[in-house]
Amino acid sequence: MEYVLVTGGAGYIGSHTVRRLVGAGYSVLVVDDLSSGRGEAVRNASFEKGYIGDAARLEEVFGRYKVSAVMHFAGNIVVSESSTDPLKYYGNNVSGTITLLSAMQKFGVDKMIFSSSAAVYGSPDKTPIEESTAVKPVNPYGRTKAMIETILADCDSAHGLKYVSLRYFNAAGADPSGELGEHHNPETHLIPLILKAVFENRPVSVFGNDYPTPDGTCVRDYVHVNDIADAHILALKYLADGGESNVFNLGGGTGYSVKEVIKAAEKVVGKKIEVKFEDWRPGDPPVLVASYAKAKRMLGWEPKYRNIEEIIQTAYRSKLI
Ligand code: UDP
């Protein structure tokens, strides 16, 4: 039996992808250290608890399972923490990935789908952002993603690793079954924080209302987590069919301001949501909106969830905020 190895498969995007992979008939092996993921989120897949930076553990796992490709989600994701504790980020994200890639090379596994981020672009002037936009990250988190992309390209040149790097914009929502959800500790993402505030009957903090945007709040591109999961499966097929290494944006192509997201959430929850304006969060660019034309053209991917209300609805329905 050949497995797709999913690192970070107990996390938010990883667990949704495992569910879609299993649904599509793949045999899945999750490797996760459960430092932030939830073991209960892994169902119908093999599970090996382990840290991607633990070479001996990885080699033992690769020795026992025949792995055809790796989907690599494991990593630290809190942008603010990456500025205060950069060594954690360079250690877990960059060094951890090098250890994983070394194990893959040793066991002849030559395909990787990598969780990258719009953070590699930093704060570009042009919108929508295309993959040809300069890579200029503005925080250590974004730099770890950019460095890993460089390492992947070098591994392709040196020993033929084939990879697809998927640059996510704002992943959001949850599987409509309600069985999986977005669950971070600490939570920093807008939609779960709005819903948390609703459940706890308190105002939502909005970071900045004097940005150079139509309503003064930041504009982001929210893309449903199952659409992101499906892009991974298409990327896997693309590599299996002999596709060259590549990078793709994953976004919905539509920008919503923080105020617009809160308005949409009010419709979903059926009540007014109080807002508390606070200072800008350091490093938040005013506008980040993707062009996903390349993923459409080369992977045949398009987001199925087009509407922010629908995305929030799936998050609201999941009990796992
Ligand atoms: N945001 C906010 N209040 C919050 C959390 C986030 O106003 O409690 C804003 C944040 O400044 C950004 C947008 O919501 O403009 C999306 O933030 P998130 O952390 O969800 O994703 P990011 O775009 O930073 O990856």
Side-chain angles (χ1 to χ4, degrees), residues 12-13 75-90 93-94 114-153 165-172 184 186-194 204-223 228 231 246-262 275 277-295 303 308 311:
Y12 169 48
I13 304 175
N76 296 123
I77 62 157
V78 181
V79 172
S80 57
E81 185 189 39
S82 78
S83 296
T84 55
D85 194 357
L87 295 178
K88 173 175 173 181
Y89 281 69
Y90 291 115
N93 292 7
V94 181
F114 173 59
S115 297
S116 188
S117 166
V120 300
Y121 297 116
S123 187
D125 306 326
K126 197 178 143 275
T127 192
I129 298 169
E130 290 170 357
E131 291 81 352
S132 55
T133 301
V135 168
K136 278 191 197 165
V138 294
N139 50 56
Y141 167 72
R143 282 190 276 277
T144 67
K145 295 293 180 183
M147 284 178 190
I148 294 166
E149 289 192 350
T150 304
I151 292 167
L152 292 173
S165 183
L166 297 173
R167 295 174 175 168
Y168 315 152
F169 282 63
N170 290 61
H184 298 113
E187 188 53 76
T188 59
H189 295 106
L190 180 63
I191 293 173
L193 284 172
I194 293 173
V204 181
S205 295
V206 174
F207 301 136
N209 66 349
D210 53 354
Y211 277 96
T213 58
D215 67 16
T217 64
C218 287
V219 173
R220 293 287 180 275
D221 181 335
Y222 296 87
V223 51
I228 292 183
N246 225 323
V247 300
F248 298 99
N249 288 341
L250 297 183
T254 306
Y256 293 95
S257 73
V258 175
K259 281 186 183 167
E260 286 171 328
V261 174
I262 294 171
V275 162
F277 288 106
E278 300 196 19
D279 279 352
W280 289 21
R281 201 168 58 174
D284 271 349
V287 180
L288 288 174
V289 179
S291 160
Y292 64 83
K294 186 176 172 190
I308 189 72
I311 293 177

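Fair warning: this is a prediction, and the values are worked out from it, not measured in the lab.
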Test item: [X] and [Y] side chains (from C-beta on) under 4.5 Å apart, heavy atoms:
X	Y	answer
Val289	Phe169	no
Asn170	Ile191	no
Val287	Tyr211	no
Leu190	Arg220	no
Met147	Tyr90	yes
Thr188	Ile77	no
Pro286	Ser123	yes
Leu288	Ile129	yes

Identify the two heavy atoms, one from [X] and one from [Y], that lie closest to each other, and give their separation to 0.1 Å.
X	Y	answer
Ser257	Thr217	CB-OG1, 3.3 Å
Arg167	Val120	NE-CG2, 3.5 Å
Ser117	Lys145	CB-CG, 4.2 Å
Lys126	Pro128	NZ-O, 3.7 Å
Lys88	Glu81	NZ-OE2, 2.9 Å
Gly255	Glu260	O-OE1, 4.0 Å

| message | Any side-chain to backbone donor/acceptor pair from Asp221 onto Gly253? Under 3.5 Å, distance only. | response |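 Between the backbone of Gly253 and the side chain of Asp221 there is a qualifying donor-acceptor contact (under 3.5 Å).
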| request: Inspect the surroundings of CG in Asp279 and state if more than 12 heavy atoms from other residues, nucleotides or ligands are less than 6.0 Å away. | output: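 It does not: Asp279 CG has 12 such atoms or fewer within range.
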| Would Val223 and Tyr292 count as a side chain to side chain contact (heavy atoms under 4.5 Å, CB included) if you check the C-alpha gap in whole Å, the side-chain angles of each, and the deciding distance to 0.1 Å? | CA-CA 11 Å; Val223 51; Tyr292 64 83; over 6 Å; no
Under 3.5 Å, sequence neighbours excluded: what are the donor-acceptor pairs made by side chains of residues 135-142?
residue: Asn139; atom: OD1; partner: Tyr141; partner atom: N; Å: 3.4
residue: Asn139; atom: OD1; partner: Gly142; partner atom: N; Å: 2.8

| request: Show your reasoning for whether side chain to side chain contact (heavy atoms under 4.5 Å, CB included) applies to Leu193 and Val204. | output: CA-CA 7 Å; Leu193 284 172; Val204 181; 5.6 Å; no
| message | Working note: Ile148 + Asn93, criterion side chain to side chain contact (heavy atoms under 4.5 Å, CB included); need CA distance, chi angles, decisive distance, verdict. | response | CA-CA 8 Å; Ile148 294 166; Asn93 292 7; 4.2 Å; yes
| said: Between Ile151 and Val94, does the side chain to side chain contact (heavy atoms under 4.5 Å, CB included) criterion hold? Intermediate values first, please. | reply: CA-CA 9 Å; Ile151 292 167; Val94 181; 3.9 Å; yes
Just how far is it from atom [atom1] of [X] to atom [atom2] of [Y], taken to the nearest 0.5 Å?
X	Y	atom1	atom2	answer
Leu250	Leu166	CG	CG	4.5 Å
Thr144	Glu149	OG1	CD	10.0 Å
Arg143	Ser82	CZ	OG	8.0 Å

| task | Say whether Asn249 and Tyr121, considering side chains only, have a donor N or O and an acceptor N or O under 3.5 Å apart. | result |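 A donor-acceptor contact under 3.5 Å links the two side chains.
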| What residues, two or more places apart in sequence or in another chain, satisfy ring-ring contact (aromatic ring centres under 6.0 Å, His included) together with Tyr12? |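 Testing Tyr12 for ring-ring contact (aromatic ring centres under 6.0 Å, His included), a comparison that skips the adjacent residues, returns His16, His184.
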| For Tyr168, what residues pass the ring-ring contact (aromatic ring centres under 6.0 Å, His included) criterion, not counting sequence neighbours? |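 If we apply the ring-ring contact (aromatic ring centres under 6.0 Å, His included) test to Tyr168, skipping adjacent residues, the hits are His232.
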